Amino acid sequence: MTIEDNLFVIKTQMQNAISALPKGHTPKLIAVSKKHPTQAIFEAYNHGLVEFAENYAQELEEKAQALCNSDIVWHFVGPIQSNKTRIIAEHASWVHSIDRLKIAKRLSQHCESLEKTLNVLVQVNISSEKQKSGVLADDLPALLESIETLPNITLRGLMCIPSQTHSHAEFAQMKNLFDSYQQRFTNFDHLSMGMSADYVEAITQGATMVRIGSALFGARPLPQAER
Ligand SMILES: *Cc1c(COP(=O)(O)O)cnc(C)c1O
């Protein structure tokens with residue numbers, strides 16, 4: 001299967017899921033290109049994809065520089081170390097994986113000197129698993145309130161990586177959380193959930209962005225810690 005074939009399958013599946021929803025739902029496909037070469041990104045780009053996601057700062061930088069003549073919009077979806085915030089601020093338009101105020105503050109400071117605004121989603125540890133990234137639902141309100149005040153950050157919504165066993169219930173919980181904050185925050189319009197294995201389910205439950213890697217690009221060539 002080529003990237004083109006895979007993209008056709010994904011779009012068809014997405015369309016089927018969307019057709020069962022109320023009108024006006026058009027979730028975005030974010031292509032997760034981590035561990036895949038720039039050539040694969042270029043191929044997907046030539047088939048019409050523009051939004052790509054990486055989860056290592058260094059890799060984001062290399063690929064963004066290699067593809068700097070394109071109109072690719074970069075998303076960052078990985079864990080963030082504070083010494084990498086500069087690189088991420090420079091290259092990403094969206095960050096999905098904010099779970100600490102300290103990181104959001106640093107990104108905002110870097111964006112100020114870069115004279116840009118960064119769209120951020122707060123990652124929720126919806127399964128409350130100890131080893132997982134993300135803020136616990138109980139701590140979410142305080143974090144959102146603080147992030148909302150940062151000058152060079154626009155708070156756009158929430159993101160999650162559910163547990164493998166309870167994704168159905170967790171997607172529903174995420175949708176409830178998302179709805180409950182929509183009135184409170186002005187630009188709060190994105191719910192990033194669903195990956196290769198569960199994007200149809202996620203769309204059915206209200207995702208506005210799905211992050212798809214292996215279903216599009218094939219298995220990742222290098223080992224990669226996940227979930
Ligand atoms: C790798 C990754 C994805 C894509 O995973 P696939 O199962 O390959 O689709 C999505 N989101 C995050 C945060 C990831 O790290």
Side-chain angles (χ1 to χ4, degrees), residues 1-3 5-14 17 27-38 40-41 43-44 47 49 51-61 63 72-81 84 87-88 91-100 103 107 118-127 129 131-135 156-168 170-171 174 178 190-227:
M1 292 281 273
T2 64
I3 288 175
D5 295 334
N6 291 338
L7 183 58
F8 178 79
V9 171
I10 292 164
K11 282 191 167 166
T12 306
Q13 300 264 38
M14 285 180 71
K28 291 210 271 187
L29 166 56
I30 314 297
V32 183
S33 47
K34 66 182 180 208
K35 301 287 175 192
H36 288 282
T38 302
I41 300 175
E43 194 179 329
H47 292 295
L49 291 181
E51 309 216 30
F52 291 85
E54 289 289 333
N55 73 341
Y56 299 92
Q58 221 65 55
E59 210 179 319
L60 167 67
E61 178 164 59
K63 290 172 175 172
I72 286 179
V73 174
W74 292 102
H75 295 240
F76 192 82
V77 298
I80 305 175
Q81 295 164 293
K84 297 285 161 47
I87 298 178
I88 294 167
H91 299 289
S93 300
W94 291 80
V95 175
H96 296 222
S97 43
I98 300 290
D99 61 2
R100 286 180 292 157
I103 298 294
L107 287 170
L118 190 61
N119 297 300
V120 313
L121 307 178
V122 169
Q123 183 172 356
V124 182
N125 181 355
I126 195 67
S127 54
E129 291 167 284
Q131 74 283 8
K132 266 205 161 152
S133 314
V135 60
R156 297 297 298 269
L158 302 176
M159 177 272 226
C160 78
I161 304 175
S163 64
Q164 269 159 337
T165 40
H166 298 97
S167 61
H168 182 87
E170 288 162 10
F171 285 153
M174 285 297 296
F178 177 65
H190 279 285
L191 180 56
S192 166
M193 58 184 195
M195 299 167 43
S196 291
D198 53 16
Y199 66 93
V200 169
E201 169 75 13
I203 290 171
T204 304
Q205 299 222 36
T208 68
M209 286 180 179
V210 291
R211 309 178 309 268
I212 301 185
S214 43
L216 178 65
F217 293 109
R220 280 179 280 280
L222 296 171
Q224 162 70 38
E226 280 174 77
R227 299 211 166 189

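Everything quoted here is computed from the prediction, not taken from an experiment. Ligands are counted one by one from 1 in listed order, and the atoms in each one are counted from 1 as well.
Using 4.0 Å as the threshold, His96 has no heavy atom nearer than that to any atom of ligand 1.
Judged by distance alone, with hydrogens and angles left aside, the side-chain atoms of Glu59 form no donor-acceptor pair with the main-chain N or O of Glu54 at under 3.5 Å. A donor-acceptor pair under 3.5 Å is absent between the side-chain atoms of Lys28 and the main chain of Ser192, judged by distance alone.
Listed by chain and number, the residues in a ring pair (Phe, Tyr, Trp, His ring centres under 6.0 Å) with His91 amount to none (sequence neighbours excluded). Looking at residues two or more places apart in sequence or on another chain, you find no ring pair (Phe, Tyr, Trp, His ring centres under 6.0 Å) involving Phe76.
In the vicinity of Ser196, heavy-atom distances shorter than 4.0 Å reach the ligand 1 atoms 6 (P), 7 (O), 8 (O), 9 (O). Interface of Asn55 with ligand 1, defined as ligand atoms under 4.0 Å from a residue heavy atom, comprises 15 (O). Set against the non-hydrogen atoms of Ile212, the atoms of ligand 1 under 4.0 Å away are 9 (O).
Taking the six-membered ring where tryptophan is involved, the planes of His190 and Trp94 are perpendicular, since the angle between them exceeds 60° and thus also 30°.
By the 3.5 Å distance cut-off applied to N or O atoms, Ile161 is not counted among the residues near ligand 1.
Counting heavy-atom neighbours within 6.0 Å of His47 NE2, excluding the residue itself, gives a total above 12.
One option in Lys34, Lys35, Arg211 has a heavy atom closer to atom 2 (C) of ligand 1 than any other, and that option is Lys34.
Residue contacts with ligand 1 for Val77 involve both N, CA, C or O and side-chain atoms from C-beta outward (heavy atoms, distance under 4.0 Å).
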